[in-house]
S.K.: 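Submitted below is the structure of interest, expressed as structure tokens.
Lettering follows sequence order; numbering is per chain, from 1.
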Amino acid sequence: MPELPEVETIVRGLQTPLLGRTITAAKVLWHNTARPSVVEVEAKLPQRRIEALSRRGKYLKFVLSGGKMLFIHLKMSGDLRVLPQSQAVHPHTRAFFNLDNGNRLEFKDPRKFGRIHLTDNPQSVIGTLGPEPLADDFSVDDFIALFERRSGRLKPLLMNQTFIAGLGNIYAAEACFWARLDPRRPANTLSAADLARLYHAIRRVLRHGIMLKGATLDNVYRGGEFQNHFQVYGKTGKPCPRCGTPIARVMLAGRSTFFCPACQSAASTASI
DNA sequence: CTAAAATCCTGGTGGC
DNA sequence: TGCCACCAGGATTTTA
């Protein structure tokens, strides 16, 4: 469940230990973790220097010497840590890269959904992603324009990475709560005022998540403290923090969706 | 076009 | 206590 704030937190934490380091050896321990292939990654990574590290959507992006880029997607349960090479490799480690200072970058991923992509064409990995919701130049008008000629329900659309990048099940639900929007609403029924509220809610909840270094969940993902600030996610039956109505849970596009059936309704927002 | 289902996976949980 | 069926979760691919 690393979403944008969790990935951003990891990227920030890795800057100091990784920037300028050279990879001396690469090992992939699970066949499906590496793209285009285990052999390619193990052969082409060594001797490259990490020149830049950033985030795009939920991907980590490593710019390497020699014109290659490495993208890592943590999916459900992935995590990255820098440890001394003297430490034993953890059983859930799916890949690791030794560094020229005696440390090791370890990619742990119990559920094996995560992927690492080595490429010289970034567009092949991140070319279809929608806009960055926190970009300085991403305006409320840009956001409203995304909804032109889009159908489908609101929350699944927000989680569609080609629509907008970085939102997952948690932050999409929390943003709908703050914007007082029913996550089941057909996207083409939202007014400009609804969308403006949603734009600000998305940016606020993502920034809040980053400030708290993301969320920790289920022993599956090691994050910060944002899980203590959820308003609706995982709160089925608990009183809505705004109006006291029990929080409801429905399935939308196969995902648990939490919301307040009273104050996140078209009727309740008509008068805002 | 949209949308739902299948796929990839394992650790944790609930039922018995 | 142990066994097992079940499920969550993101993104892609397949099917309807």
Side-chain angles (χ1 to χ4, degrees), chain A residues 1-10 28-38 55-61 71-80 90-95 107-117 119 122-133 146-176 183-190 202 206 209 214-223 226-227 230 232-237 247 249-258:
Chain A
M1 317 155 201
E3 303 181 27
L4 187 155
E6 287 76 23
V7 178
E8 179 68 25
T9 299
I10 289 175
V28 180
L29 303 166
W30 177 250
H31 65 94
N32 217 7
T33 293
R35 298 289 149 86
S37 70
V38 171
R55 178 191 60 73
R56 173 76 173 98
K58 302 178 195 173
Y59 287 87
L60 293 98
K61 173 185 170 185
F71 293 92
I72 300 183
H73 198 303
L74 303 169
K75 290 284 181 90
M76 295 291 306
S77 60
D79 196 7
L80 290 164
H90 189 278
H92 290 156
T93 299
R94 309 306 177 194
F107 178 45
K108 280 202 303 186
D109 185 23
R111 295 186 185 172
K112 299 180 175 174
F113 276 21
R115 298 286 180 267
I116 66 182
H117 304 255
T119 181
Q123 290 303 105
S124 68
V125 181
I126 58 170
T128 60
L129 289 181
E132 277 294 319
L146 294 180
F147 284 81
E148 286 173 17
R149 295 181 302 279
R150 294 305 291 246
S151 57
R153 306 219 211 201
L154 176 58
K155 205 197 73 164
L157 190 58
L158 293 178
M159 291 173 64
N160 179 345
Q161 302 302 298
T162 69
F163 180 76
I164 190 167
L167 291 168
N169 207 27
I170 294 171
Y171 291 89
E174 295 292 308
C176 288
R184 302 168 297 179
R185 278 273 290 278
N188 57 13
T189 66
L190 298 171
I202 288 169
L206 290 175
T216 299
L217 284 173
D218 293 351
N219 303 324
V220 171
Y221 179 68
R222 161 193 71 96
F226 188 66
Q227 70 281 1
F230 293 165
V232 291
Y233 182 83
K235 303 287 188 186
T236 313
I247 297 300
R249 173 181 184 264
V250 297
M251 294 300 273
L252 273 186
R255 300 287 168 254
S256 292
T257 299
F258 305 92

S.K.: Does A:Ser151 have a side-chain nitrogen or oxygen under 4.0 Å from the phosphate oxygens OP1 or OP2 of B:dC1?
M.R.: no
S.K.: Tell me: CZ of A:Phe113 to C1' of B:dT10, nearest whole Å?
M.R.: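 Value for this atom pair: 8 Å.
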S.K.: Taking the ring of A:Tyr233 and the ring of A:Phe226, is the distance between their centroids below 6.0 Å?
M.R.: no
S.K.: Which whole-number value in Å describes the distance from A:His92 NE2 to B:dG11 P?
M.R.: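 That distance rounds to 4 Å.
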S.K.: Less than 4.0 angstrom between a side-chain N/O of A:Lys75 and OP1 or OP2 of C:dG9, yes or no?
M.R.: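 A:Lys75 to C:dG9 OP1/OP2: no side-chain N or O under 4.0 Å.
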S.K.: For the residue pair A:Arg115 and A:Asn32, establish whether any side-chain heavy-atom pair is separated by less than 4.5 Å.
M.R.: yes
S.K.: Output the rounded distance in Å from CG (A:Leu252) to C1' (C:dG10).
M.R.: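 A:Leu252 atom CG is separated from C:dG10 atom C1' by 16 Å.
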S.K.: Take the protein atom CZ of A:Arg94 and the nucleotide atom C1' of B:dT10, then report the distance between them rounded to whole Å.
M.R.: 8 Å
S.K.: Would you mind reporting whether A:Leu74 and A:Leu60 have side-chain heavy atoms less than 4.5 Å apart?
M.R.: yes
S.K.: Under 4.0 Å, counting only non-hydrogen atoms across every strand here, what does A:Arg249 touch: a base, just sugar-phosphate, or nothing?
M.R.: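 Answer is sugar-phosphate: A:Arg249 comes under 4.0 Å of backbone atoms only.
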S.K.: With respect to the side chain of A:Lys58, which nucleotide from C:dG10, B:dC9, C:dT12 is positioned closest?
M.R.: C:dG10
S.K.: A:Arg255 has a side chain; which of B:dG11, B:dC9, C:dG10 sits nearest to it?
M.R.: C:dG10
S.K.: If only side-chain N and O atoms count, and only distance matters, is there a donor-acceptor pair under 3.5 Å linking A:Tyr59 with A:Gln161?
M.R.: no
S.K.: Does C:dA8 have its OP1 or OP2 closer than 4.0 Å to a side-chain nitrogen or oxygen of A:Tyr233?
M.R.: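 Result: no.
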S.K.: Using a cut-off of strictly less than 4.0 Å, decide whether A:Trp30 has a side-chain nitrogen or oxygen near OP1 or OP2 of B:dC8.
M.R.: no
S.K.: Rounded off to whole Å, could you give me the CZ-to-C1' distance for the A:Phe163 and C:dA11 pair?
M.R.: 17 Å
S.K.: Whole-Å distance between B:dA3 C1' and A:Asn160 CG?
M.R.: 12 Å
S.K.: Are any side-chain N or O atoms of A:Ser77 and backbone N or O atoms of A:Arg111, one a donor and one an acceptor, separated by less than 3.5 Å?
M.R.: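 Yes.
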S.K.: What is the distance from CE of A:Met251 to C1' of B:dA5, rounded to the nearest Å?
M.R.: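 Computing the A:Met251:CE to B:dA5:C1' distance gives 12 Å.
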S.K.: CZ of A:Arg111 versus P of C:dC7: gap in Å, rounded?
M.R.: 14 Å
S.K.: Which residue, A:Asn32 or A:Arg153, contacts DNA chain B at a nucleotide closer to its 5' end, judged by nearest heavy atom?
M.R.: A:Arg153
